[in-house]
Amino acid sequence: MAFGRSSRKKPLVEPVTLKILVAGGFGVGKTTLVGAVSEIRPLRTEEVLSEAGRPVDDLHGVENKTTTTVAMDFGRITLREDLVLYLFGTPGQDRFWFLWDELAQGALGAIVLADTRRLEDSFAAIDYFERRGIPFTVAVNCFEGARRFPAESVRGALDLDPEVELLMCDARDRESVKNVLVAVVQHALVLADRSHAPATT
């Protein structure tokens, strides 16, 4: 029996799926970042900010923000035929940090999204990932109208370890966000290789 060209199918590639967290302070752009690259309609758990929450939600610098993530944002992006990333955006407010431990389970790495107008809001996420040994990359979201600082100045202000990569990005731009995601995956894989390398005597 003769088989035509159409009957020959390429073997299906089973993609590797990796989990990446997107963390940072309240109003820094995590929901925007996930939405910019997700190839599916992002799952969002946003609620309208209420008057009851104003005493505990610091709106300094984000006075025009009207909604907040109360559980997580979820999206998916295929970087290559054999590599799919699942993105989990964490809530930024202190009162929702109890969710972080559950979201962090099984994560390959993380993005800490920073805003130069509120750099202090990044410290909690940086400390969290450092304490748990989760590889992370810092991405500075370049908001319109915000003062720009040299990368080394931001790195010094955040007191980052030398191996932590710091990138400038636009959380609204798909290609900009993809560059950050690639950097996170590469950084995490390098650290994983080091941890599995045989010890030399």
Side-chain angles (χ1 to χ4, degrees), residues 16-39 42 69 72-80 83-92 97 99-101 103-143 146 148-196:
V16 174
T17 58
L18 303 175
K19 180 180 183 180
I20 302 293
L21 298 184
V22 182
F26 177 55
V28 78
K30 300 181 294 295
T31 298
T32 300
L33 183 146
V34 173
V37 294
S38 182
E39 62 199 16
T69 298
M72 67 172 183
D73 297 310
F74 173 77
R76 183 188 71 198
I77 177 173
T78 302
L79 286 185
R80 299 192 313 246
L83 180 59
V84 175
L85 302 184
Y86 289 105
L87 308 178
F88 290 79
T90 64
W97 282 354
L99 295 169
W100 283 37
D101 286 342
L103 291 174
Q105 290 183 17
L108 174 78
I111 298 168
V112 175
L113 198 58
D115 179 352
T116 55
R117 300 169 299 182
R118 309 173 82 198
L119 273 184
E120 66 278 4
D121 290 354
S122 305
F123 291 133
I126 290 171
D127 290 344
Y128 181 90
F129 297 126
E130 285 180 342
R131 288 198 309 269
R132 286 159 180 78
I134 298 174
F136 67 95
T137 293
V138 174
V140 178
N141 192 7
C142 299
F143 286 90
R148 304 297 172 93
F149 296 91
E152 286 309 308
S153 297
V154 179
R155 172 180 292 279
L158 293 174
D159 193 25
L160 298 176
D161 291 336
E163 69 270 13
V164 176
E165 190 167 2
L166 183 142
L167 302 170
M168 302 296 170
C169 81
D170 182 342
R172 304 165 301 178
D173 182 76
R174 180 178 175 83
E175 289 305 312
S176 181
V177 175
K178 281 178 67 175
N179 289 338
V180 174
L181 291 171
V182 169
V184 173
V185 172
Q186 290 177 338
H187 176 56
L189 293 178
V190 166
L191 293 182
D193 287 342
R194 286 181 191 170
S195 66
H196 290 102

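Atom CG of D173 is separated from atom CG of N179 by 8.5 Å, given to the nearest 0.5 angstrom. Taken from CZ in R155 to CG in D161, the straight-line distance is 9.0 Å, to the nearest 0.5 Å. L33 contributes atom CG, which lies 7.5 Å from atom CG of L87 (distance to the nearest 0.5 angstrom). Taking CG of L99 as the start and OG1 of T90 as the end, the distance is 9.5 Å to the nearest 0.5 Å. Taken from CG in L85 to CG in L79, the straight-line distance is 4.0 Å, to the nearest 0.5 Å. Between the CD atom in E152 and the CG atom in L166 there is a gap of 8.0 Å [rounded to 0.5 Å].
Counting only N and O atoms by type, the side chains of D170 and S176 include no donor and acceptor under 3.5 Å apart.
Under the 4.5 Å side-chain criterion, counting only non-hydrogen atoms from C-beta, V138 is not in contact with S122. Counting heavy atoms from C-beta outward, V34 and K30 have side chains that stay 4.5 Å or more apart.
Around CG of D159, the count of heavy atoms belonging to other residues, nucleotides or ligands within 6.0 Å does not exceed 12.
N141 contributes a side-chain N or O that, together with a main-chain N or O of A171, makes up a donor-acceptor pair within less than 3.5 Å. Panel note: side chain R132, backbone D101; no donor-acceptor pair is recorded below 3.5 Å. Looking only at distances, no side-chain donor or acceptor of K19 sits under 3.5 Å from a matching main-chain atom of F88.
When all heavy atoms are compared, the tightest approach of V180 to C169 is CG2-CB, 3.8 Å. When all heavy atoms of F149 and M168 are compared, the pair lying nearest together is O-CE, 3.7 Å. Residues E130 and F136 share a closest heavy-atom pair of CG-CE2, 3.7 Å. Considering every non-hydrogen atom in both T137 and E165, the closest pair reads CG2-O, 3.3 Å. For R174 against V37, the heavy-atom pair with the smallest separation is NH1-O, 2.8 Å. In terms of heavy atoms, L21 sits closest to A107 at CG-CB, 4.0 Å.
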After noting the C-alpha distance and the side-chain angles of R76 and V84, does the key distance pass the side-chain contact (heavy atoms from CB on, under 4.5 Å) rule?
CA-CA 7 Å; R76 183 188 71 198; V84 175; 3.5 Å; yes
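Note on ring orientation: taking the six-membered ring where Trp is involved, the planes of W100 and F129 are parallel (angle under 30°, cut-offs 30° and 60°).
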